[in-house]
Amino acid sequence: MSGESYSKRELTAIGAFVVASVLIGVGAYQLGFNLSGGRAVGAEMVAASAPAPVSGQSLYASNCAGCHGGKGEGGGVGPALANSLTWSLEDFSNAVLNGKSPDRELSPVMPRFAVTGLDGETATDEQVKAIHDYLGTLK
Ligand code: HEC
């Protein structure tokens, strides 16, 4: 009989093993949660390896809407964009990137996105076209 029961020392060792296993399990779970659950980490890794698709809507929202209104209707510091949407893409880009409309130099309040960049990155023609296309869908 006594040979089958565990000594106090054995029980303590088993108990410690169980506690340690649970702690390791919880720790691993939390680590996994932070790596995969914090979606942003994965998204950044994707962005670093392959360029994220250019979204005119989000570019417009974060770089232009504050001055030109949520739908390019104006009302902020900037004018409505309906008129400039009748320009060629080339003229529109020149206004956005260099602050030059077809007939004049725009006020310095309008950022020169060739200088300031879009979303902290050097502005590309692709981004300006995406914004232009997005605004075109709002008409
Ligand atoms: C800090 C405010 C501000 C931000 C941000 C801003 N603009 Fe402007 N924008 C202006 C102002 C002010 C004018 C008018 C300048 C003038 O008439 O001399 C203007 C003019 C323009 C024009 C010429 C409109 C016309 O009919 O003459 C275009 C096109 C334009 N902005 C596009 C954009 C786009 C696209 C973005 C985002 C990438 C943007 N702007 C961000 C303030 C801003």
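First listed ligand is number 1; within each ligand, the first listed atom is number 1.
- Counting heavy atoms closer than 4.0 Å to ligand 1, residue Tyr134 contributes nothing at all.
- The nearest heavy-atom contact from the protein to atom 32 (C) of ligand 1 is Met110 CE, 3.6 Å.
- For ligand 1, the atoms lying closer than 4.0 Å to a non-hydrogen atom of Val77 are 12 (C).
- Within the 4.0 Å heavy-atom shell around ligand 1 one finds Leu118.
- In this structure, the side chain of Glu121 does not engage the main chain of Asp119 through any donor-acceptor pair within 3.5 Å.
- Of the inter-residue distances, the one linking Ser101 atom OG with Asn94 atom CG reads 9.0 Å to the nearest 0.5 angstrom.
- By the rule that hydrophobic residues join a cluster once side-chain heavy atoms approach within less than 4.5 Å of another member, Trp87 and Val96 end up as members of separate clusters.
- Side chains of Leu118 and Ile131 form a contact here, defined as non-hydrogen atoms less than 4.5 Å apart.
- The aromatic rings of His132 and Phe92 sit perpendicular, their planes meeting at an angle over 60°, well past the 30° parallel limit.
- Residue contact annotation: Cys67 places no N/O/S atom under 2.8 Å from atom 8 (Fe) of ligand 1.
- Taking a cut-off of under 4.0 Å to the non-hydrogen atoms of Arg104, the atoms of ligand 1 that pass are 16 (C), 17 (O), 18 (O).
- Within a 6.0 Å sphere centred on CG of Asp125, heavy atoms belonging to other residues, nucleotides or ligands number 12 at most.
- Distance alone, capped at 3.5 Å, is enough to place a donor-acceptor pair between the His68 side chain and the Pro79 backbone.
- Looking at Leu106 against ligand 1, both its backbone and its side chain come within 4.0 Å, counting heavy atoms.
- Atom 25 (C) of ligand 1 has as its closest protein heavy atom Trp87 CH2, 3.6 Å.
- Put simply, OG on Ser93 and CZ on Phe113 are 12.5 Å apart, with the number rounded to the nearest 0.5 Å.
- Between the OH atom of Tyr134 and the NZ atom of Lys129 there is a distance of 16.0 Å, given to the nearest 0.5 Å.
- Ligand 1 has no nitrogen or oxygen under 3.5 angstrom from a nitrogen or oxygen of Tyr60.
- A salt bridge between Arg112 and Glu105 is present, with a side-chain N of the basic residue lying under 4.0 Å from a carboxylate O of the acidic one.
- One distance of note links CG of Asp133 with CD of Glu126; it measures 10.5 Å at 0.5 Å rounding.
- The structure places CG of Leu135 at 7.5 Å from OG1 of Thr137, a figure rounded to the nearest 0.5 Å.
- Scanning all protein heavy atoms for the shortest distance to atom 5 (C) of ligand 1 gives Asn63 O, 3.2 Å.
- The contact set between ligand 1 and Pro111, taken as ligand atoms under 4.0 Å from a residue heavy atom, comprises 3 (C), 4 (C), 5 (C), 6 (C), 7 (N), 43 (C).
- Contact annotation: for Leu81 versus ligand 1, heavy atoms closer than 4.0 Å belong to the side chain alone.
- Residue Ser101 places no N or O, backbone or side chain, under 3.5 Å from any N or O of ligand 1.
- Near Val96, with a cut-off below 4.0 Å to any heavy atom, the atoms of ligand 1 are 32 (C), 35 (C).
- On a distance-only criterion, Ser107 and ligand 1 share at least one N/O pair closer than 3.5 Å.
- In terms of protein heavy-atom proximity, atom 29 (C) of ligand 1 is nearest to Ser84 OG, 3.4 Å.
- Contact atoms of ligand 1 toward Val109: 1 (C), 2 (C), 12 (C) (distance under 4.0 Å to a heavy atom of the residue).
- Atom 14 (C) of ligand 1 has Pro79 CD, 3.5 Å as its closest protein atom, hydrogens excluded (heavy atom only).
- The protein atom (non-hydrogen) at minimum distance from atom 34 (C) of ligand 1 is Cys64 SG, 3.5 Å.
- Closest to atom 39 (C) of ligand 1 by heavy atom, among Lys100, His68, Glu105, Gln127, is His68.
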